Amino acid sequence: MLLAAPFAAAFAVSALSACAAPASAPAIGGVELRVVVKLVRPSEDARAIADEATRRAGVSASYAASVSASMHALVLHCADASACDAAMARLRQASGVYEMVEVDGRKQRAVM
């Protein structure tokens with residue numbers, strides 16, 4: 001019984017944190033593009049990484065996941081595909097911040 005308590009507490013914390021995560025639905029007619037960036041200076045600060053990407057890209061960016069301290073997945077929220085193309089180009093030009101910027105090529109889970 002005593003061993004179950006830490007697991008129950010961990011489960012409760014993870015369930016609550018999942019509820020607190022904002023939904024990332026594109027605007028009506030909008031496009032979402034998941035990208036992977038490699039930072040020149042590694043960071044674990046998800047908010048700062050997303051804020052910097054928003055400033056550099058010129059479109060809203062949200063943090064999706066960490067691969068490592070230097071590799072992070074972000075989601076660009078664009079009005080259309082051409083806006084995402086332009087945002088990607090702006091991120092790639094920011095070579096002082098990003099060592100690499102690529103479209104996330106992993107298969108996304110289907111929503112049913």
Side-chain angles (χ1 to χ4, degrees):
M1 183 68 126
L2 291 176
L3 292 176
F7 295 114
F11 178 75
V13 169
S14 66
L16 289 174
S17 65
C19 292
S24 63
I28 295 174
V31 174
E32 286 188 343
L33 179 64
R34 188 171 165 126
V35 299
V36 176
V37 298
K38 182 173 184 183
L39 303 175
V40 170
R41 287 179 227 64
S43 173
E44 300 277 342
D45 187 342
R47 179 173 290 248
I49 293 166
D51 289 348
E52 182 69 20
T54 294
R55 282 191 293 279
R56 299 288 178 161
V59 299
S60 177
S62 58
Y63 191 86
S66 173
V67 177
S68 69
S70 60
M71 298 279 291
H72 303 275
L74 305 170
V75 179
L76 302 180
H77 307 276
C78 311
D80 53 35
S82 64
C84 276
D85 290 343
M88 284 288 292
R90 288 188 289 273
L91 289 175
R92 287 178 173 145
Q93 290 172 351
S95 59
V97 177
Y98 305 109
E99 188 174 316
M100 182 267 313
V101 178
E102 297 296 330
V103 173
D104 187 351
R106 296 177 302 154
K107 289 184 178 179
Q108 298 298 315
R109 185 177 61 186
V111 178
M112 301 202 178

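What you see is a predicted model, and the numbers here were worked out from it, not measured in a lab.
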Chemist: Report whether Val97 and Val67 are members of the same hydrophobic cluster (ILVMFWY, side-chain heavy atoms less than 4.5 Å apart, transitive linking).
Modeler: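 In one cluster with Val97: Val67, no.
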Chemist: Mind listing the closest non-hydrogen atom pair of Arg34 and Ala64 along with its distance?
Modeler: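 Here Arg34 and Ala64 meet closest at NH1-CB, 3.7 Å.
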Chemist: Restricting to side chain to side chain contact (heavy atoms under 4.5 Å, CB included), what partner residues turn up for Ala89, sequence neighbours left out?
Modeler: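 Side chain to side chain contact (heavy atoms under 4.5 Å, CB included) list for Ala89, sorted by chain: empty.
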Chemist: What are the two closest non-hydrogen atoms of Val101 and Met88, and how far apart are they?
Modeler: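 Of all heavy-atom pairs spanning Val101 and Met88, the closest is CG1-CE, 3.8 Å.
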Chemist: What about Val59 and Leu74, same hydrophobic cluster or not, with Ile/Leu/Val/Met/Phe/Trp/Tyr joined at side-chain heavy-atom distances under 4.5 Å?
Modeler: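 Yes, same cluster.
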Chemist: Are Met100 and Leu39 connected in the hydrophobic side-chain network, where two residues link if heavy atoms are under 4.5 Å apart?
Modeler: no
Chemist: Output every pair passing ring-ring contact (aromatic ring centres under 6.0 Å, His included) with a member in residues 32-60, not counting sequence neighbours, ordered by first then second residue.
Modeler: none
Chemist: Holding to side-chain hydrogen bond (donor to acceptor under 3.5 Å, both in side chains), I want the full list of residues that pass it with Tyr63, two or more places apart in sequence or in another chain.
Modeler: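 Listed in chain order: His72.
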Chemist: Quick one: list whatever passes side chain to side chain contact (heavy atoms under 4.5 Å, CB included) with Ala48, sequence neighbours left out.
Modeler: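 Side chain to side chain contact (heavy atoms under 4.5 Å, CB included) check on Ala48 returns Asp45.
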Chemist: Please name all residues satisfying side chain to side chain contact (heavy atoms under 4.5 Å, CB included) with Asp51, sequence neighbours left out, ordered by chain then number.
Modeler: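 Checked Asp51 against side chain to side chain contact (heavy atoms under 4.5 Å, CB included); matches are Arg47, Arg55.
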Chemist: Taking the side chain as everything from C-beta on, heavy atoms only, tell me whether Leu91 gets closer than 4.5 Å to Leu76.
Modeler: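 Answer yes - side chains close enough.
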Chemist: How far apart are the closest heavy atoms of Ala83 and Cys78, and which atoms are they?
Modeler: CB-CB, 3.9 Å
Chemist: How would you list, by chain and number, every residue that makes a salt bridge (Lys or Arg N to Asp or Glu O under 4.0 Å) with Glu44, sequence neighbours excluded?
Modeler: none
Chemist: Identify, with sequence neighbours excluded, every residue that meets side-chain hydrogen bond (donor to acceptor under 3.5 Å, both in side chains) alongside Glu99.
Modeler: Lys38
Chemist: Apply side-chain hydrogen bond (donor to acceptor under 3.5 Å, both in side chains) to Arg90 and list each qualifying residue two or more places apart in sequence or on a separate chain.
Modeler: none
Chemist: What are the two closest heavy atoms between Tyr98 and Arg56, and how far apart are they?
Modeler: CE1-CG, 4.2 Å
Chemist: What pair of heavy atoms forms the shortest contact from Cys84 to Leu33, and how long is it?
Modeler: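 Heavy atoms only, the tightest pair is SG-CB, 3.9 Å.
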Chemist: Quick one: side chain to side chain contact (heavy atoms under 4.5 Å, CB included) partners of Ser68, sequence neighbours excluded?
Modeler: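 Partners of Ser68 under the side chain to side chain contact (heavy atoms under 4.5 Å, CB included) test: Ser70, Met71.
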Chemist: Going by ring-ring contact (aromatic ring centres under 6.0 Å, His included), name the pairs with one or both residues in residues 31-58, residues two or more places apart or in two chains.
Modeler: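 Those involving residues 31-58 do not exist here.
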Chemist: Run through the side-chain heavy atoms of Ile, Leu, Val, Met, Phe, Trp and Tyr, join any pair under 4.5 Å, and report what else lands in Val40's cluster.
Modeler: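 Val40 shares its hydrophobic cluster with no other residue.
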